[in-house]
Amino acid sequence: MIFGIGVDQVDIKRVRSLLEKSGSKFENRCFTVDEILYSKRFSDPAKRLGARFAAKEAFVKSLGTGFRYKINFLDIEILNTKKGKPFINLSKKLASFIKKKFKIKKIKTFLSLSDEKEYSIAYVILYKIK
């Protein structure tokens, strides 16, 4: 049963500007070490970080909460399988919060990321498992 859907779009120029302006402060506030290391493997880390930022925003939109209830960017980690498929890894704190707040035993997340020259977009579907 679908529990929630979220979508977000990020301007890559804005991410690039934040990286240039505040560098590691922005990275450390919004991204895990693994997300940062992954993005730096590419010639334009802003594209990868932009997609991850959009995915985190899309995830909280799919919950219907936004970044309230003490949810922060580091509670949501966007990783890739060995074959490159993106997936969402939640902190134990956030997973526990979701179970209690929404009375859900288990959810499955579906994530799609895309980027072009100027924008990154993320689409999240939450599926409630009984």
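Throughout, numbering of the chain's residues begins at 1 and tracks the sequence. Small disclaimer: the values here were computed from a predicted structure and weren't measured.
Both Ile2 and Ile129 are part of a single hydrophobic cluster, where members link through side-chain heavy atoms under 4.5 Å apart. The hydrophobic clustering, which links ILVMFWY residues whose side-chain heavy atoms are closer than 4.5 Å, places Ile125 and Ile104 apart. Under the 4.5 Å side-chain heavy-atom criterion for Ile, Leu, Val, Met, Phe, Trp and Tyr, Leu19 and Val10 are members of the same hydrophobic cluster.
Under the 4.5 Å side-chain criterion, counting only non-hydrogen atoms from C-beta, Phe87 is not in contact with Leu111. Ile121 has its side chain within reach of Val7: a pair of non-hydrogen atoms, C-beta onward, lies under 4.5 Å apart. The shortest distance between side-chain heavy atoms of Leu63 and Phe3 falls below 4.5 Å. Counting heavy atoms from C-beta outward, Ile5 and Ser62 have side chains that stay 4.5 Å or more apart. Annotation: side chain of Ile76 is in contact with side chain of Val60 (closest heavy-atom distance under 4.5 Å). A heavy-atom distance below 4.5 Å is not found between the side chains of Thr32 and Leu37. With a 4.5 Å cut-off on side-chain heavy atoms, Ile78 and Ile88 count as touching.
Taken to the nearest 0.5 Å, the CG atom of Leu90 stands 11.5 Å off from the OG atom of Ser96. Note that the CD atom of Glu118 and the CD atom of Gln9 stand 10.0 Å from one another [nearest 0.5 Å]. For the atom pair Asn72 CG and Arg29 CZ, the distance stands at 10.0 Å (nearest 0.5 Å). Note that the CD1 atom of Ile12 and the OG atom of Ser120 stand 3.5 Å from one another [nearest 0.5 Å].
Applying the ring-ring contact (aromatic ring centres under 6.0 Å, His included) test to residues at least two apart or on different chains, the pairs with a partner in residues 29-64 are Phe26-Phe31, Tyr38-Phe42, Phe53-Phe73. Sequence neighbours left out, the pairs with a member in residues 38-62 that pass salt bridge (Lys or Arg N to Asp or Glu O under 4.0 Å) are Asp8-Lys61, Arg16-Asp44, Glu27-Lys40, Glu35-Lys56, Lys47-Asp115. Sorted by first and then second residue, the ring-ring contact (aromatic ring centres under 6.0 Å, His included) pairs involving residues 104-128 (not counting sequence neighbours) form an empty list.
Take Lys85 and apply the salt bridge (Lys or Arg N to Asp or Glu O under 4.0 Å) test, not counting sequence neighbours, and it matches no residue. Under the side chain to side chain donor-acceptor pair (under 3.5 Å) criterion, Asp34 pairs with no residue at all, not counting sequence neighbours. When the side chain to side chain donor-acceptor pair (under 3.5 Å) test is applied to Arg14, no partner is found at least two apart in sequence or on another chain.
Other residues, nucleotides and ligands place more than 12 heavy atoms under 6.0 Å from the NZ atom of Lys93.
For the residue pair Ala122 and Ala58, the shortest heavy atom distance occurs at O-CB, 3.8 Å.
Under the 3.5 Å distance criterion, the side-chain polar atoms of Asp75 are left unmatched by any main-chain donor or acceptor of Ile71. Ser22 contributes a side-chain N or O that, together with a main-chain N or O of Leu18, makes up a donor-acceptor pair within less than 3.5 Å.
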Intermediate values then yes/no, side chain to side chain contact (heavy atoms under 4.5 Å, CB included), Leu74 and Asn28: CA-CA 9 Å; Leu74 299 178; Asn28 294 329; over 6 Å; no
